[in-house]
Amino acid sequence: MEEEKKRVLVIGGTGYLGQHLLQRLSEIKHNSYDLAFTYHSDSSHPQFLLHAIPSSLAFHVDLQTGDGFQLISQQFGQPHVVVNCAAISVPRACEKDPSTAMSVNVPSFLVKWLSSFEERDTLLIHLSTDQVYEGVKSFYKEEDETVPVNVYGKSKVTAEQFISDKCSNYAILRSSIIFGPQTISPVPKSLPIQWIDSVLSKGEEVEFFHDEFRCPVYVNDVVTIILALIHRWISECKQMQLLLNVGGPDRLSRVQMAEAVADIRGYNRALIKPVSASTVDRGVLSPADISMDISKLVQTVNILPTPFKDGVKLTLESA
């Protein structure tokens, strides 16, 4: 008798991380998983993605109202794993409309839907952010206090608290800036390495912050970490309550990120003009240093994330 395939649902499957995750899941040999994903806006219409991954199912879901989850129950069933990649992740957009940011970024209807199943054992993997930290020191650990300075960070802290209160089987991943190749169905948002490459290629001077630090993480590493957690749950069936910093191994300023691109492409470093983040009004407060200690991540999933320069090379080679 053939073993039942495990069902994996990606919330926000037409977004950047969602598409990379679906692609990798679809490429696993022996077709281990039944795949489904959700989308919301018209601009993320999934036809191109469905053509590329024909074995998957697409569902229109509104995270603010919960509309669409019932159809998933009927046509896909209870997922063994849900990966929540959906969010309003542009800090300025969250600042302009805090109520919408909260209603989308805190997955209350998703969690309510999962709790409606008799077997309440679905693993929820939820993407959070490094912006939960205040940004006043280097290399934050997971147990450090969360003091977000903007609405985006606050919405993500609220989501983390909600999930840890309401769910018994979850992994919360505090991701830094995710970078890497473009997706199967190109996303409308600007991608960090591609943007830096584009502006430096014009041969004109460009300003970059020298005093804002992050641990940018290569997208394939984030996907590999998620796959490792899925495999652990499917193979061991032991519920988890995990909180992990998911960053790359390098603490970098925006200037240093740009310098890495310039060195690989052969652009003149003199085009990179260092400025202080305090000189620019972005319409939202931005934490200065939210670099993260990733030792717990490495210990938990036994994965050493890709060094930034190597990830940049891979990104630019794929263009």
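The first residue of the sequence shown is numbered 1, and numbering continues consecutively from there.
Atom CG of Leu243 is separated from atom OG of Ser128 by 8.0 Å, given to the nearest 0.5 angstrom.
Annotation: Tyr170 is not in aromatic contact with His126 [ring centroid separation under 6.0 Å not met]. For an aromatic pair to be called close, the ring centres must be under 6.0 Å apart, and Phe59 with Phe37 fails this.
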Next item on the list: I would like to know whether Ile225 and Val246 meet side chain to side chain contact (heavy atoms under 4.5 Å, CB included); could you show each step before the answer?
Entry: CA-CA 9 Å; Ile225 289 158; Val246 177; 3.9 Å; yes
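Taking a 6.0 Å sphere around CG of Asn268, one finds it holds more than 12 heavy atoms contributed by other residues, nucleotides or ligands. With a 6.0 Å radius and a threshold of 12 heavy atoms from other residues, nucleotides or ligands, Arg92 has its CZ atom at or below the threshold. Counting non-hydrogen atoms of other residues, nucleotides and ligands closer than 6.0 Å to CD of Glu27 gives a total above 12.
With Val83 as the partner, the side chain to side chain contact (heavy atoms under 4.5 Å, CB included) test is satisfied by one option alone out of Leu17, Leu127, Leu9: Leu127.
Using modelled atom types, one side-chain atom of Asn150 and one backbone atom of Leu285 make a donor-acceptor pair closer than 3.5 Å. Without hydrogens or angle criteria, His80 side chain to Lys6 main chain gives no donor-acceptor distance under 3.5 Å. Between the side chain of Thr224 and the backbone N or O of Asn220 there is at least one donor-acceptor pair closer than 3.5 Å. Under a 3.5 Å cut-off, the side chain of Glu95 and the backbone N or O of Val151 do form a donor-acceptor pair.
Judged purely by distance below 3.5 Å, without hydrogens or angles, the side chains of Thr146 and Asp144 never pair a donor atom with an acceptor atom.
Residue pairs meeting the salt bridge (Lys or Arg N to Asp or Glu O under 4.0 Å) criterion with at least one partner in residues 265-277, sequence neighbours excluded, are Asp197-Arg265, Glu207-Lys273, Glu259-Arg269, Asp263-Arg269.
Arg251 forms a cation-pi arrangement with Phe213, by the criterion of a distance under 6.0 Å to the ring centre and an angle within 45° of the ring axis. Taking the ring axis of Tyr140 as reference, the NZ or CZ atom of Lys137 stays within 45° of it and closer than 6.0 Å to the ring centre.
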